[in-house]
Amino acid sequence: MATTMDLKQLFEKASALAGYSFAEVAAAHGLTVPADLRRNKGWVGQLLEAALGASAGSQALQDFPELGVELKTIPLNAAGKPLETTFVCTTPLTQVTGLTWADSNVRNKLQCVLWIPIDGRREIPLAQRCIGTAFLWQPTAEEEHLLQQDWQEHMDRIALGQVETITAHQGQVLQLRPKAANSRVLTDAIGPGGELIQTLPRGFYLKTQFTEQIIQRTFAL
DNA sequence: GGTTGATCATAC
DNA sequence: GTATGATCAACC
């Protein structure tokens with residue numbers, strides 16, 4: 001059994017992947033590259049998990065629980081801007097009284113993130129796209145404040161039975177959107193009268209403007 | 001062209 | 001269904 005990686009080793013391992021194509025990394029781990037991501041949306045994330053030895057699997061934990069680190073890939077376009085929002089975690093829709101930001105799943109997941117920018121250009125064959133320069137991020141006080149504000153606003157609405165009035169337009173940096181296999185999936189939630197209702201499962205997502213600022217700050221000359 | 005709501009694969 | 005990993009694609 002290998003000794004546990006420390007943060008420095010993980011970061012160096014992630015940094016060493018910069019410049020390699022998905023085909024090269026996949027080959028090194030005995031994986032095949034799909035033609036595109038249409039039916040394999042999480043493939044790049046899983047490739048990086050394999051390459052870095054993430055351990056949490058399908059548990060509701062950070063990817064590297066021993067290090068308190070969450071791994072996130074983020075697809076960028078030719079201009080270095082995020083092409084997609086970033087999924088954080090599913091949203092609790094029942095038993096939300098007493099939930100606080102300090103012990104929320106959102107804060108836990110975002111305390112320390114190992115971001116790995118990836119080439120998201122759809123005009124280039126998936127196998128030829130490359131891995132970018134990894135970086136570690138911990139929210140600044142200002143960033144955490146924005147996240148907490150949005151989280152609190154969403155959770156207040158959920159607690160008041162107004163989950164179905166929430167749209168992705170709400171939130172400065174953290175939005176609430178469906179997170180399910182399809183629009184027919186149902187889960188328990190609090191209704192307008194405090195009763196239990198059935199609704200579409202939701203998840204928290206980081207908006208692209210927020211992640212773009214993180215990217216810009218990180219790679220600013 | 002950017003976003004929002006919908007969707008895909010897989011393990012359990 | 002819930003968890004993980006996300007991107008698709010219709011719409012404004």
Side-chain angles (χ1 to χ4, degrees), chain A residues 14 22 25-26 29 31-65 69-96 104-106 108-110 113-127 129 131-132 150 154 163-189 196-213 215:
Chain A
F22 297 167
V25 178
H29 293 274
L31 301 173
T32 56
V33 185
D36 57 58
L37 297 176
R38 199 149 57 101
R39 292 192 164 274
N40 293 273
K41 299 183 180 182
W43 186 80
V44 182
Q46 288 163 351
L47 174 68
L48 271 296
E49 283 184 348
L52 297 175
S55 57
S58 64
Q59 300 175 76
L61 290 172
Q62 291 155 320
D63 295 294
F64 298 91
V69 172
E70 175 74 10
L71 175 66
K72 289 287 179 200
T73 58
I74 183 160
L76 306 181
N77 65 15
K81 293 177 64 170
L83 282 165
E84 300 289 344
T85 54
T86 302
F87 173 71
V88 180
C89 59
T90 51
T91 310
L93 300 179
T94 61
Q95 301 173 346
V96 298
S104 69
N105 206 192
V106 174
N108 179 53
K109 290 253 181 176
L110 298 183
V113 178
L114 176 61
W115 291 100
I116 303 191
I118 58 169
D119 189 342
R121 294 175 294 174
R122 292 184 192 174
E123 62 271 25
I124 294 179
L126 189 61
R129 297 185 208 166
I131 295 171
D150 288 347
H154 294 315
V163 62
E164 298 194 313
T165 72
I166 304 175
T167 79
H169 296 288
Q170 282 145 42
Q172 302 292 304
V173 299
L174 187 70
Q175 63 184 178
L176 207 65
R177 302 219 311 277
K179 170 60 175 173
N182 57 61
S183 60
R184 281 91 62 192
V185 174
L186 295 173
T187 193
D188 288 346
L196 219 53
I197 63 169
Q198 294 288 295
T199 195
L200 187 56
R202 316 298 164 99
F204 288 114
Y205 295 80
L206 299 178
K207 300 183 73 170
T208 54
Q209 284 191 17
F210 183 64
T211 50
E212 182 183 351
Q213 285 182 12
I215 301 271

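Residue numbers begin at 1 in each chain, while the letters A, B, ... track the order of the sequences.
Taking every nucleotide of DNA chain B with any atom under 4.0 Å from a non-hydrogen atom of chain A, the first and last of them, 5' to 3', are B:dT3 to B:dA9.
Rounded to 10 degrees, the angle separating the terminal helix axes of the helix from B:dG1-C:dC12 to B:dC12-C:dG1, each built from five base pairs, is 30°.
Remark: the backbone N or O of A:Phe87 is paired with a side-chain donor or acceptor of A:Lys72 at under 3.5 angstrom. A:Arg129 places no side-chain N or O within donor-acceptor distance of the main-chain N or O of A:Phe22, the cut-off being under 3.5 Å. Panel note: side chain A:Thr187, backbone A:Pro201; no donor-acceptor pair is recorded below 3.5 Å.
Applying the salt bridge (charged side-chain N to carboxylate O under 4.0 Å, His left out) test to residues at least two apart or on different chains, none of the pairs has a partner in residues 168-188 of chain A.
The local environment of CD in A:Gln95 is sparse, with at most 12 non-hydrogen atoms from other residues, nucleotides or ligands closer than 6.0 Å. With a 6.0 Å radius and a threshold of 12 heavy atoms from other residues, nucleotides or ligands, A:Lys207 has its NZ atom above the threshold. Crowding of A:Gln209 atom CD: a count of heavy atoms from other residues, nucleotides or ligands under 6.0 Å not exceeding 12.
Tested against A:Trp115 for a side chain to side chain contact (heavy atoms under 4.5 Å, CB included), the candidates A:Thr211, A:Leu71, A:Ile215 yield a single pass: A:Thr211.
Summarising the geometry, the separation between NZ on A:Lys179 and C1' on C:dT4 is reported as 7 Å, rounded to the nearest angstrom. The CZ atom of A:Arg202 sits 22 Å away from the P atom of C:dA6 (whole-angstrom rounding). Computed from coordinates, the A:Leu47 CG to C:dA6 P distance equals 11 Å when rounded to whole Å. We find that NZ of A:Lys207 is positioned 19 Å from C1' of C:dA6, with the value rounded to whole Å.
Note on A:Glu212: nothing from the nucleic acid sits closer than 4.0 angstrom, heavy atoms only. A:Leu186 comes within 4.0 angstrom of sugar-phosphate atoms only, judged by non-hydrogen atoms across all strands, and of no base. Counting non-hydrogen atoms under 4.0 angstrom, A:Gln209 reaches the backbone sugars and phosphates but no base. Nucleic acid contact for A:Ala181: base, since at least one base atom lies under 4.0 Å from a heavy atom of the residue.
Residues A:Gln170 and A:Ala180 both approach DNA chain B. Their nearest nucleotides, taken by heavy-atom distance, put A:Gln170 toward the 5′ side. Along DNA chain C, the nucleotide nearest to A:Lys72 and the one nearest to A:Val185 differ in position, and the one closer to the 5' end is contacted by A:Val185. Place A:Arg184 and A:Leu83 on DNA chain B by their nearest nucleotides, and A:Leu83 ends up nearer the 5' end.
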Could you give the side-chain donor-acceptor pairs of residues 40-53 of chain A under 3.5 Å, partners two or more places apart or in another chain?
none

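Counting only heavy atoms from C-beta outward, the side chains of A:Leu206 and A:Leu174 approach each other to under 4.5 Å.
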Tabulated below should be each protein N or O lying under 3.5 Å from an N or O of nucleotides 7-9 of chain C; please produce it.
| residue | atom | partner | partner atom | Å |
| --- | --- | --- | --- | --- |
| C:dT7 | O2 | A:Lys41 | NZ | 3.0 |
| C:dT7 | O4 | A:Arg177 | NH2 | 3.4 |
| C:dC8 | OP2 | A:Arg122 | NE | 2.6 |
| C:dC8 | OP2 | A:Arg122 | NH2 | 2.3 |
| C:dC8 | O4' | A:Lys41 | NZ | 3.2 |
| C:dC8 | N4 | A:Glu84 | OE1 | 3.1 |

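By the salt bridge (charged side-chain N to carboxylate O under 4.0 Å, His left out) test, A:Asp150 is found to be paired with no residue, residues two or more places apart in sequence or in another chain being considered.
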